[in-house]
Amino acid sequence: MNSHSGLSRRAFLAGTATLGAAVALHPFAALAAAGQAHLRIMETTDLHVAVFPYDYYADAPNDTLGLARTAALIAAIRAEAGNSVLLDNGDVIQGNPMGDYIAYEKGLTDGAHPVIAAMNTLGYEAGTMGNHEFNYGLEFLGAALKGASFPIVCTNIVKADGTPFAEPYRIVEKQLTDGAGATHTIRLGYIGFVPPQIMTWDSSNLAGMVDTIGIVEAAEKYVPEMQAAGVDLIIALSHSGIAAELGIGENASLQLAAVEGIDVVLTGHQHLVFPGPDFKDIPGADIDKGTLNGKPAVMAGFWGSHMGLIDLLLEVDDAGKWTIASHTVEARPIYERVEGKVKPLVESEAEVLAAAQVDHDETLAYVRRAVGETAAPLHSYFT
Ligand code: MN
Ligand code: MG
């Protein structure tokens, strides 16, 4: 047995002893040597206000969705890794009756938006905007995002005067522990992108106030700026899907991955899972390696169905330059199907439920009332 495998085994046993047999350290956490560090990137995407594992349309529990369930994966996922960051990829505040209830009925005068409040319990490092963030108008969006305890970056929306609508990117210093227990500082750069088609889809909310530029174009503009600022690793929060051709630019994550300087791509918007068979025929998308044009990438389903995981074995040279020595990618589900039946793999996280409990209860009353009064005028939408 060489010294490396001896170290691995000790690290593995230390992990299982404190956390129970269910937790196995990611191999990178055990294998990292001096000057190498394991960094685990966690992605949620397209949450669409799904905090509770509940289908408000059916008025019934549903084990296939809900951030409270995805969150239950986090403790174990963090424990499996030496270092980790949690990121969200957009489409947060719209998409179920709780979102409509807040936007059309209750408003945001007292307290944070329930899905933001739920996210605030989990320690997100950054998020971005999805196209559906604009469905209720810019004023509501601003009020909702003000409650977030983490930065929201988006690069490709510009105001009428040409300046960025949102913070385009954020560079955050993070302390990484290497395989020998030494601490290194790494500068992680988060840069966000939204489908430029929001100008068509939400023209009544946006026309004359903002405009968009292409995702690849925006990356080519801002990545050199981030590099000049001394970023070590650029993580794209791309609220955009994966398509062989760029076309109108709605699903540009594959082409974004090809931009020099982008190191990792979190994708979404299509409500699919990458790596997964939906993408097997796309040239440049490697579902075995979990890469888009050679860059590690993930798409974590929708409504909290999966936690996207990109694990990096990072290496620092004598000049302090970091490179990705190896990677693995996984989209870890919150449920499985056994003989056609949905079986949850985790239980809800109580703190996440508690953050949205009041609004959840009020939403139940809202949808039950709405169903009972279908003939009533839709006063709250038009006044
Ligand atoms: Mn979506
Ligand atoms: Mg979307």
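What you see is a predicted model; the values in this text were computed from it and never measured. Just so you know, ligand 1 is whichever comes first in the structure, and atom 1 is the first atom listed for that ligand.
- Judged purely by distance below 3.5 Å, without hydrogens or angles, the side chains of H48 and N96 never pair a donor atom with an acceptor atom.
- Not one N/O/S atom of H132, from backbone or side chain, sits under 2.8 Å from the Mg ion (ligand 2).
- Classification of the Y54-H360 ring pair by plane angle, with boundaries at 30° and 60°, yields perpendicular.
- No other N/O/S atom of D91 lies as close to the Mn ion (ligand 1) as OD2 does.
- Not a single donor-acceptor pair under 3.5 Å links the side chain of T363 to the backbone N or O of P97.
- When the N, O or S atoms of D46 are ranked by distance to the Mn ion (ligand 1), OD1 comes first.
- None of the N, O or S atoms belonging to D46 lies under 2.8 Å away from the Mg ion (ligand 2).
- Put simply, the angle at the Mg ion (ligand 2) from NE2 in H239 to OD1 in N131 is close to 90°, to the nearest 10°.
- Remark: of the listed residues L237, V265, N156, N156 is the sole one forming a side-chain contact (heavy atoms from CB on, under 4.5 Å) with F193.
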- Give the intermediate values and the outcome of salt bridge (charged side-chain N to carboxylate O under 4.0 Å, His left out) for residues D232 and R187. CA-CA 5 Å; D232 289 311; R187 289 164 64 82; 5.3 Å; no
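- Under the 4.5 Å side-chain heavy-atom criterion for Ile, Leu, Val, Met, Phe, Trp and Tyr, I186 and I171 are members of distinct hydrophobic clusters.
- Note on H269: counted as a metal contact of the Mg ion (ligand 2), an N/O/S atom lying under 2.8 Å.
- Counting backbone and side-chain atoms alike, H269 contributes no N/O/S atom closer than 2.8 Å to the Mn ion (ligand 1).
- The Mn ion (ligand 1) has an N, O or S atom of H48 closer than 2.8 Å.
- Here the N, O or S atom of D91 that is nearest to the Mg ion (ligand 2) is OD2.
- In this structure, F274 and F279 have perpendicular ring planes: the angle between them is above 60°, well past the 30° mark.
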